[in-house]
Amino acid sequence: GAGVSQSPRYKVAKRGQDVALRCDPISGHVSLFWYQQALGQGPEFLTYFQNEAQLDKSGLPSDRFFAERPEGSVSTLKIQRTQQEDSAVYLCASSSGQGKTEAFFGQGTRLTVV
Amino acid sequence: GNSVTQMEGPVTLSEEAFLTINCTYTATGYPSLFWYVQYPGEGLQLLLKATKADDKGSNKGFEATYRKETTSFHLEKGSVQVSDSAVYFCALIPDDKLIFGTGTRLQVFP
């Protein structure tokens, strides 16, 4: 596609509910990133894929967070048993993966846990 | 470790004023440096970048120069417009992922 697409744009979840956030990267982009952006803060790195391989998951805050990219294209970020502190905007980005090149971001999914 | 430090906002200016938003970084090796902008209700957009020392990135009247000796990448614009009101993020890639600063909100009034 023309840009990175994320869905849903907004999600309200009751505490304890599981959620799944989807990211469609730019076609042909090798690298895919997930970030978490709390209100008034900069994006914080969660995890990174190169094709289908998850190369870095050091930013995932707990084992309730899980990400996958099974065919090296679309990715899903899953949060189990959501807590109020999970409320944030979740950003997905993709890049061509060639060197230290810029990443292109989707509009994000705003998750509110009530 | 790798990190980015930005000046705290908000920065409030009148239209046509000169803008500087300071950014300094800590990194191992030779990172690439970026400024991203987030307009109200929109996603992060790349504003400009520089990949090596003394490179100057520029776009839409904004400029930033990669200064290795001072580990800085300050954002400047000679004459801001109301439409420049947004949050600006300085970022670096030391290896394979972007690391962001906390962002600086710019408010420009007519």
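Excluded from the calculations below are hydrogen atoms, water molecules and symmetry mates; all remaining heavy atoms, backbone and side chain alike, are included. Convention: sequence-line order gives letters A, B, ...; per-chain numbering from 1.
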Can you say whether B/K97 sits under 4.5 Å from chain A via the side chain, the backbone, both, or neither, judging by heavy atoms? both
Flag yes if B/V37 and B/F89 sit in one hydrophobic cluster, no otherwise; membership is Ile, Leu, Val, Met, Phe, Trp, Tyr, and two members link when side-chain heavy atoms are under 4.5 Å apart. no
Is there a continuous path of hydrophobic side-chain contacts, each under 4.5 Å between heavy atoms, that joins B/I93 to B/Y25? no
In terms of heavy-atom contacts, does CZ of A/R9 have more than 12 from other residues, nucleotides or ligands at under 6.0 Å? yes
Heavy-atom distances under 4.5 Å only: say whether B/L44 touches chain A with side chain, backbone, both or neither. both
Count the heavy atoms belonging to other residues, nucleotides or ligands that lie under 6.0 Å from CD of B/Q81, then report whether that count exceeds 12. yes
Check for me, please, whether B/F100 and B/F73 land in the same ILVMFWY cluster - side-chain distances under 4.5 Å, paths through other members count. no
Counting heavy atoms not belonging to B/K68, are there more than 12 under 6.0 Å from its NZ? yes
Heavy atoms only: give me the nearest A/F33-B/D96 pair and the separation to one decimal. CE2-O, 3.2 Å
Pick from B/P31, B/G9, B/P94 with the largest number of heavy-atom pairs that fall under 4.5 Å of chain A: B/P94
Taking atom CD1 of B/I99 and atom CZ of A/F45, what is their separation to the nearest 0.5 Å? 9.0 Å
Okay, B/Q6 and chain A: the region with an atom under 4.5 Å from a heavy atom over there is neither
B/Y36 side chain reached by A/P43 side chain, heavy atoms, under 4.5 Å: no
Nearest heavy-atom approach of A/E102 to B/K49 is OE1-NZ, 2.7 Å
Looking at A/Y35 and B/L98, would you say the former's side chain and the latter's main chain have a donor-acceptor pair under 3.5 Å? yes
For A/Q37, is it the side chain, the backbone, both, or neither that has a heavy atom closer than 4.5 Å to a heavy atom of chain B? side chain
Path from A/L21 to A/F66 over hydrophobic side-chain contacts below 4.5 Å: no
Answer yes if A/V89 and A/F65 sit in the same cluster of Ile, Leu, Val, Met, Phe, Trp and Tyr residues linked by side chain heavy atoms under 4.5 Å apart, and no otherwise. no
Given heavy-atom pairs under 4.5 angstrom as the criterion, report whether the side chain, backbone, both or neither of A/L55 touches chain B. neither
